[in-house]
Amino acid sequence: MRNRYKIFGIDDEPSVLLIIQHYFKSKFDVKVFDKPADAIANMQEGDLPDIIICDLNMPEISGAEFVEMVRSSGFFSSIPLIVLSATDSSEKKIDILNMGADDFMVKPFNPKELEARINSILRRTGKFATDSINE
């Protein structure tokens with residue numbers, strides 16, 4: 001049996017982290033963080049995710065700053081990133097995608113759609129896609 005894919009969820013809203021943790025735990029190894037700095041510290045210790053789901057509007061380090069930090073790092077730049085935001089602004093989406101995010105979803109989101117987007121990214125990056133969780 002192959003190793004499970006690892007997801008890092010980063011959001012300052014506990015309810016969003018709970019949704020990510022609960023929905024994806026059956027198919028993925030899920031780690032959640034309420035601060036981007038904690039996720040970065042984990043990654044610097046060698047704990048690398050296969051995909052990162054990150055909120056845009058967070059205190060201390062914003063989602064945009066986090067995307068820039070990950071993309072400018074030689075070690076983390078290839079990790080796929082999905083950004084979540086309550087902002088539905090086309091301009092903001094374009095900015096984040098141009099910064100290097102792989103996808104952008106507006107909150108509230110459907111976990112099934114997020115799963116489909118994760119599977120799409122895993123397929124594109126050459127990783128084997130997981131079966132749908134609810135089959």
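Numbers for residues simply follow the sequence, beginning at 1.
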Sequence neighbours excluded, the answer for side-chain hydrogen bond (donor to acceptor under 3.5 Å, both in side chains) partners of Thr87 is Ser85
Gly63 and Cys54 have their tightest heavy-atom pair at CA-SG, 4.1 Å
The criterion is side-chain hydrogen bond (donor to acceptor under 3.5 Å, both in side chains); which residues satisfy it with Asn42, sequence neighbours excluded? Asp47
Contacts of Ile19 meeting side-chain contact (heavy atoms from CB on, under 4.5 Å) (sequence neighbours excluded), chain-then-number -> Phe109, Pro111
Salt bridge Arg4-Asp29, side-chain N to carboxylate O under 4.0 Å: yes
Quick one: CD1 on Ile52 to CD1 on Ile82, what's the gap to the nearest 0.5 Å? 10.5 Å
Suppose we screen for side-chain contact (heavy atoms from CB on, under 4.5 Å). Which residues come up paired with Ile94, at least two apart in sequence or across chains? Asn98
What verdict does the side-chain contact (heavy atoms from CB on, under 4.5 Å) test give for Leu81 and Ile53, after you've listed the backbone C-alpha separation in whole Å, the side-chain angles of each residue and the deciding distance to 0.1 Å? CA-CA 6 Å; Leu81 271 163; Ile53 302 163; over 6 Å; no
Does the side chain of Pro49 reach to within under 4.5 Å of the side chain of Lys31, using non-hydrogen atoms? no
Please tell me whether Ile20 and Leu48 are part of a single hydrophobic cluster in this structure, the criterion being side-chain heavy atoms less than 4.5 Å apart. no
Kindly compute the distance separating CZ (Phe24) from CD (Glu115), expressed to the nearest 0.5 Å. 6.0 Å
Closest non-hydrogen atom pair, Asn110 against Lys112: OD1-N, 2.8 Å
Those residues that, when tested against Leu17, pass side-chain contact (heavy atoms from CB on, under 4.5 Å) (two or more places apart): Asp11, Val32, Asp34
Using the rule that two of Ile, Leu, Val, Met, Phe, Trp, Tyr join whenever any of their side-chain heavy atoms come within less than 4.5 Å, decide whether Leu122 and Val30 are in one cluster. yes
Any idea which heavy atoms bring Asp50 and Tyr5 closest together, and the distance? OD2-CA, 3.1 Å
When Leu84, Ile96, Val67, Asp95 are each screened for side chain to side chain contact (heavy atoms under 4.5 Å, CB included) with Leu56, the one that passes is Ile96
side-chain contact (heavy atoms from CB on, under 4.5 Å) with Ser73: which residues, sequence neighbours excluded? Phe75, Phe76
Checking side-chain contact (heavy atoms from CB on, under 4.5 Å) for the pair Met105/Leu114: CA distance, chi angles, key distance, verdict? CA-CA 8 Å; Met105 283 188 74; Leu114 180 56; 3.6 Å; yes
Please list all pairs passing the side chain to side chain donor-acceptor pair (under 3.5 Å) test where one or both residues lie in residues 51-60, with sequence neighbours left out. Asp55-Lys107
Return the set of residues passing side-chain hydrogen bond (donor to acceptor under 3.5 Å, both in side chains) with Asp102 (not counting sequence neighbours), or none when no residue passes. Arg71
Can you tell me which residue pairs pass the ring pair (Phe, Tyr, Trp, His ring centres under 6.0 Å) test with a partner in residues 32-59, sequence neighbours excluded? Phe8-Phe33
To the nearest 0.5 Å, what is the distance between CD1 (Ile51) and CD1 (Ile121)? 4.0 Å
For residues Leu97 and Ala101, report the shortest heavy-atom separation together with the two atoms involved. CD2-O, 3.6 Å
Glu68: which residues meet the salt bridge (charged side-chain N to carboxylate O under 4.0 Å, His left out) condition with it, sequence neighbours left out? none
Contact list for residues 73-92, test salt bridge (Lys or Arg N to Asp or Glu O under 4.0 Å), sequence neighbours left out: Asp88-Lys93
CE-CE distance between Met99 and Met69, expressed to the nearest 0.5 angstrom: 13.5 Å
Does the side chain of Pro80 come within less than 4.5 Å of Thr125's, by heavy atoms? yes
Gap separating the CD1 atom of Ile40 from the CD1 atom of Ile10, nearest 0.5 angstrom: 7.5 Å
Interatomic distance, Ile7 atom CD1 to Lys25 atom NZ [nearest 0.5 angstrom]: 13.5 Å
Got a sec, which residues hit side-chain hydrogen bond (donor to acceptor under 3.5 Å, both in side chains) with Glu113, two or more places apart in sequence or on another chain? Arg117
